[in-house]
Enquirer: 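Quick one: this structure, given as structure tokens, is what I'll be asking you about.
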2 protein chains.
Amino acid sequence: MKRKPITARELARMIGVSQSAVSRAFTPGASIAADLREKILQHAAEMDYHPNAIASMLSKSRTNIIGIVVSDMQNPFYPALIEKLSRALQEIGQQSLLFNIARGSNLEDQLSALRRYNVDAVIVISATILSAQTLLWATEGRAAILINRIIEDVDLSCVACDNAQGARAVADHFHALGRRHVAYVAGLSHTSTNSERRNAFITRVAELGMVLSTQIEGSEYSYHAGRRAAMKVVENAPKTDAIFFANDILAIGGIDALKEQAGRRVPEDIAVAGFDDIAIAGWPHYDLTTFRQPVDEMVRVVVQMVEEGSCAPGKPPIVKRLSGELVIRGSTAPAHHGCSAMPG
Amino acid sequence: MKRKPITARELARMIGVSQSAVSRAFTPGASIAADLREKILQHAAEMDYHPNAIASMLSKSRTNIIGIVVSDMQNPFYPALIEKLSRALQEIGQQSLLFNIARGSNLEDQLSALRRYNVDAVIVISATILSAQTLLWATEGRAAILINRIIEDVDLSCVACDNAQGARAVADHFHALGRRHVAYVAGLSHTSTNSERRNAFITRVAELGMVLSTQIEGSEYSYHAGRRAAMKVVENAPKTDAIFFANDILAIGGIDALKEQAGRRVPEDIAVAGFDDIAIAGWPHYDLTTFRQPVDEMVRVVVQMVEEGSCAPGKPPIVKRLSGELVIRGSTAPAHHGCSAMPG
DNA sequence: CATGATGTTGCATGCGCATTCATCTTTTTC
DNA sequence: GAAAAAGATGAATGCGCATGCAACATCATG
């Protein structure tokens with residue numbers, strides 16, 4: 001029952017042309033007369049002929065496949081990014097081959113697949129897990145771009161949001177609102193996104209003369225981690241009147257815990273800001289002030305790099321820092337000095 | 001700089017064996033002496049040789065690639081499913097090639113890619129957009145499985161949650177809580193998931209002698225659609241004391257709108273139930289009673305079908321209905337007015 | 001009309017590996 | 001110990017398409 005697909009050679013024989021002609025008919029810009037191409041394409045449609053991409057990959061060096069390495073699909077930021085990225089890649093004729101790296105399992109095995117499929121480029125969206133060494137090995141000899149992860153030492157191109165800009169914007173915003181005791185809640189502490197946001201935030205807080213009331217070490221980027229962190233903040237530093245969470249999903253957990261578990265009002269008692277601007281941040285219930293990552297521009301830049309091959313191996317690595325935008329919503333508001341309700 | 005990868009032939013020549021031997025060394029179960037294989041693998045590791053998957057695909061009929069057709073990554077249910085699915089597929093040596101179908105764009109173009117890459121199987125996760133005809137065409141001649149979408153007429157295998165069971169469980173639960181005026185909020189009305197849930201719910205509601213106070217036509221599966229629908233419910237049928245939303249993301253929007261916009265208490269005034277059991281449903285703030293789809297089992301079944309080739313073309317289509325489980329949380333509780341819930 | 005330039009076509013070959021077949025080696029069996 | 005069976009290996013071929021090359025056709029130019 002499994003009808004074997006028709007090949008170019010068979011089609012050619014039926015029409016009475018050479019197999020080359022068929023190949024050229026399907027190759028944009030190939031040297032072929034317009035009427036011949038037309039004729040072949042028409043017959044091809046009739047015969048339901050589709051060029052075999054695998055064979056094409058073997059002949060050409062290109063596969064038209066981009067390997068996308070992910071590991072954290074829990075944080076809604078990533079599915080949204082992947083969706084836009086895969087759409088944009090499709091528009092330039094590239095398909096996305098997913099490499100879903102599971103924490104703890106043997107990376108070599110999983111990544112050797114990445115080497116065997118001759119993907120045209122590798123886009124690493126996973127902020128975590130992979131060491132620089134592993135990344136280098138996995139992307140050896142092919143174009144590679146890291147998204148939202150900067151690695152200084154090694155030759156890998158990166159596209160990332162200007163985390164420091166965002167963190168400073170949040171600090172400035174807190175300051176302008178009259179907040180004075182601010183806290184930072186970390187994400188995964190060894191990620192560049194986290195350390196950049198933290199360092200810039202802390203520095204700015206000091207510059208502005210605010211007090212860094214506490215700093216919560218990160219465990220992961222998740223709603224529940226955000227809840228736990230928020231409780232630690234009110235426990236460690238009850239006077240805290242503003243919290244900057246390393247990302248939105250943490251902040252959202254934090255808001256819920258602050259309101260429902262710690263009995264604080266947001267934003268009256270504690271202002272909350274996040275980072276990313278995921279869809280949930282815009283839900284009226286959370287209405288989270290956050291620093292919006294320029295996702296569309298990140299995608300555009302990445303796709304352009306892929307298309308132009310400017311991230312090819314051997315070329316100097318390109319590091320793109322894109323600026324984002326502070327989105328001010330209801331989770332932050334001016335401080336009301338004097339009437340601070342301190343339960344407990 | 002782009003070091004061309006070493007080929008089997010080159011490696012063979014260096015070791016002083018035939019290319020066949022190299023190929024066999026990497027082929028489990030091939031006829032080759034253990035010590036020779038060992039030697040080859042060792043040299044291969046040294047020389048950083050990795051079999052070229054593309055060439056392998058061309059020789060064998062298998063590509064070890066599964067096409068995954070998605071269209072709706074907004075609903076968190078799908079990213080979660082895709083993550084588990086891609087992991088499970090990786091474990092049986094299959095990679096996932098993403099086909100992200102954008103609404104409105106020319107499907108033929110996007111799906112012709114699906115035909116050109118000789119994927120071993122196609123898994124369609126998109127509940128929407130694709131017509132049965134399009135699906136048939138896209139999966140022509142290859143194994144295909146639809147997840148959460150049942151199409152009766154055509155020869156396609158499906159794996160789905162027992163939507164009717166879930167809807168009945170919700171109706172029963174509402175009844176047991178003493179709710180009497182229940183509403184249904186639809187998702188995308190032309191999807192099988194929606195119609196199955198609606199029909200079973202309405203039927204059961206009637207059987208139990210409850211009143212279907214209103215029914216909101218669906219537009220999409222989204223938080224904001226859920227909010228709008230909830231407002232329509234309280235507007236159309238103020239006496240409604242329980243709402244069954246076609247899925248969780250609708251229900252979550254509904255809860256927020258009911259509480260914050262309509263001024264109703266959940267669950268005291270209105271009980272709310274959803275369907276799916278996405279992560280957000282378990283967040284303390286929502287604490288949503290919902291019918292849990294057996295995602296892990298769905299993935300297991302799908303992967304097994306792929307592995308066994310039981311969904312191959314020509315074979316009779318397999319339709320698997322998996323039962324889920326009602327997860328009772330805080331968004332539903334016994335009605336206070338008059339008639340109480342039945343014990344135990 | 002002669003010449004070259006340009007455009008079009010088919011032939012042949014190769015991409016890198018899997019696999020069949022024939023050959024040769026080792027083991028088993030009576 | 002001889003014959004047969006099983007195992008191991010290499011040479012050769014093909015998977016389906018892209019492309020360099022040569023052959024040929026068409027056209028412009030002098």
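Excluded from the calculations below are hydrogen atoms, water molecules and symmetry mates; all remaining heavy atoms, backbone and side chain alike, are included. Computed from a predicted structure; not experimentally measured. Proteins get letters first, then strands, A, B, ... in listed order; numbering begins at 1 in each.
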Enquirer: Let me know, please, whether A/Leu58 or B/Ser18 comes out on the 5' side of the other along DNA chain D by nearest nucleotide.
Expert: B/Ser18
Enquirer: Between D/dG10, C/dT9, D/dG16, which nucleotide has the shortest distance from any of its atoms to the side chain of B/Val17?
Expert: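 Nearest listed nucleotide: D/dG10.
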Enquirer: Classify B/Thr7 by what it touches in the nucleic acid, base, sugar-phosphate, or nothing, heavy-atom distance under 4.0 Å.
Expert: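 The residue B/Thr7 makes sugar-phosphate contact but no base contact.
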Enquirer: If I compare all heavy atoms of B/Ile6 with all of B/Met47, which pair ends up nearest, and what's the gap?
Expert: CG2-O, 3.9 Å
Enquirer: Rounded to whole angstroms, how far apart are CZ on A/Arg62 and P on D/dT19?
Expert: 11 Å
Enquirer: Return whichever of B/Ala21 or B/Ala55 has its heavy-atom-nearest nucleotide of DNA chain D closer to the 5' end.
Expert: B/Ala21
Enquirer: Classify the side chain of A/Gln19 versus the base of D/dA18 as yes if they form a donor-acceptor pair under 3.5 Å and no if they do not.
Expert: yes
Enquirer: In whole angstrom, what separates A/Lys39's NZ from C/dT8's P?
Expert: 16 Å
Enquirer: Looking at A/Ser59, I'd like to know whether one of its side-chain N or O atoms comes within less than 4.0 Å of OP1 or OP2 on C/dC15.
Expert: no
Enquirer: If you assign A/Asp35 and A/Arg9 each to the DNA chain C nucleotide with the nearest heavy atom, which residue ends up on the more 5' nucleotide?
Expert: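 Nearest-nucleotide comparison on DNA chain C picks A/Asp35.
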Enquirer: Identify the two heavy atoms, one from A/Asn100 and one from B/Glu83, that lie closest to each other, and give their separation to 0.1 Å.
Expert: ND2-O, 3.3 Å
Enquirer: Find the distance B/Met47:CE to C/dG16:P and express it as a whole number of Å.
Expert: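 The answer, rounded to whole Å, is 15 Å.
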Enquirer: From the set C/dT9, D/dC17, D/dG10, return the single nucleotide nearest to any side-chain atom of A/Arg24.
Expert: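 The listed nucleotide nearest to A/Arg24's side chain is C/dT9.
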Enquirer: Identify whether any heavy atom of B/Ser20 sits under 4.0 Å from a base atom; if not, whether one sits that close to sugar-phosphate; answer base, sugar-phosphate or nothing.
Expert: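 Base contact.
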Enquirer: With the side chain of A/Thr27 defined as its heavy atoms from C-beta on, choose the nearest nucleotide among D/dG10, D/dA12, D/dA18.
Expert: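 Shortest atom-to-atom distance from the side chain points to D/dA18.
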Enquirer: Tell me what B/Val22 touches on the nucleic acid: a base, only sugar-phosphate, or nothing, going by heavy atoms under 4.0 Å.
Expert: nothing
Enquirer: Without decimals, in angstroms, what is the distance between B/Ile54 CD1 and C/dA18 P?
Expert: 12 Å
Enquirer: State whether A/Tyr117 places a side-chain N or O below 4.0 Å from either non-bridging phosphate oxygen (OP1 or OP2) of C/dG16.
Expert: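 Checking A/Tyr117 against C/dG16: no side-chain N or O falls below 4.0 Å of OP1 or OP2.
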Enquirer: Just checking B/Ser23: base, sugar-phosphate only, or nothing, at a heavy-atom cut-off of under 4.0 Å?
Expert: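 Base: the residue B/Ser23, judged by heavy atoms under 4.0 Å, touches a nucleobase.
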Enquirer: B/Leu85 and side-chain contact (heavy atoms from CB on, under 4.5 Å): which single residue from B/Ile66, B/Val306, B/Val302 fits?
Expert: B/Val302
Enquirer: Quick check on A/Arg321: does its CZ atom have over 12 non-hydrogen neighbours (other residues, nucleotides or ligands) under 6.0 Å away?
Expert: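 Counting other residues, nucleotides and ligands, CZ of A/Arg321 exceeds 12 neighbours.
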Enquirer: Under 4.0 angstrom, heavy atoms only, what part of the nucleic acid is A/Leu36 near: base, sugar-phosphate, or nothing?
Expert: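 Sugar-phosphate, no base atom in range.
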Enquirer: Would you confirm whether the ring centroid of A/Tyr49 sits within less than 6.0 angstrom of the ring centroid of A/Phe26?
Expert: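 Judged by ring-centre distance (under 6.0 Å), A/Phe26 and A/Tyr49 do meet the cut-off.
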Enquirer: Rounded to the nearest angstrom, tell me the gap between atom CZ in B/Arg115 and atom C1' in D/dC17.
Expert: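 The distance from CZ of B/Arg115 to C1' of D/dC17 comes to 18 Å, rounded to the nearest Å.
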Enquirer: Looking at B/Asp296 and B/Lys84, does any basic side-chain N land under 4.0 Å from a carboxylate oxygen?
Expert: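 Yes, this pair counts.
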Enquirer: Take the protein atom CD1 of A/Ile32 and the nucleotide atom P of D/dA18, then report the distance between them rounded to whole Å.
Expert: 12 Å
Enquirer: Does the side chain of A/Ser56 get closer than 4.0 angstrom to OP1 or OP2 of D/dA18 through an N or O atom?
Expert: yes
Enquirer: In whole angstroms, how far is the C1' atom of D/dC17 from the NE2 atom of A/His50?
Expert: 16 Å
Enquirer: Rounding to an integer number of Å, can you tell me how far A/Arg116 CZ sits from C/dC15 C1'?
Expert: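 Atom CZ in A/Arg116 sits about 18 Å away from atom C1' in C/dC15.
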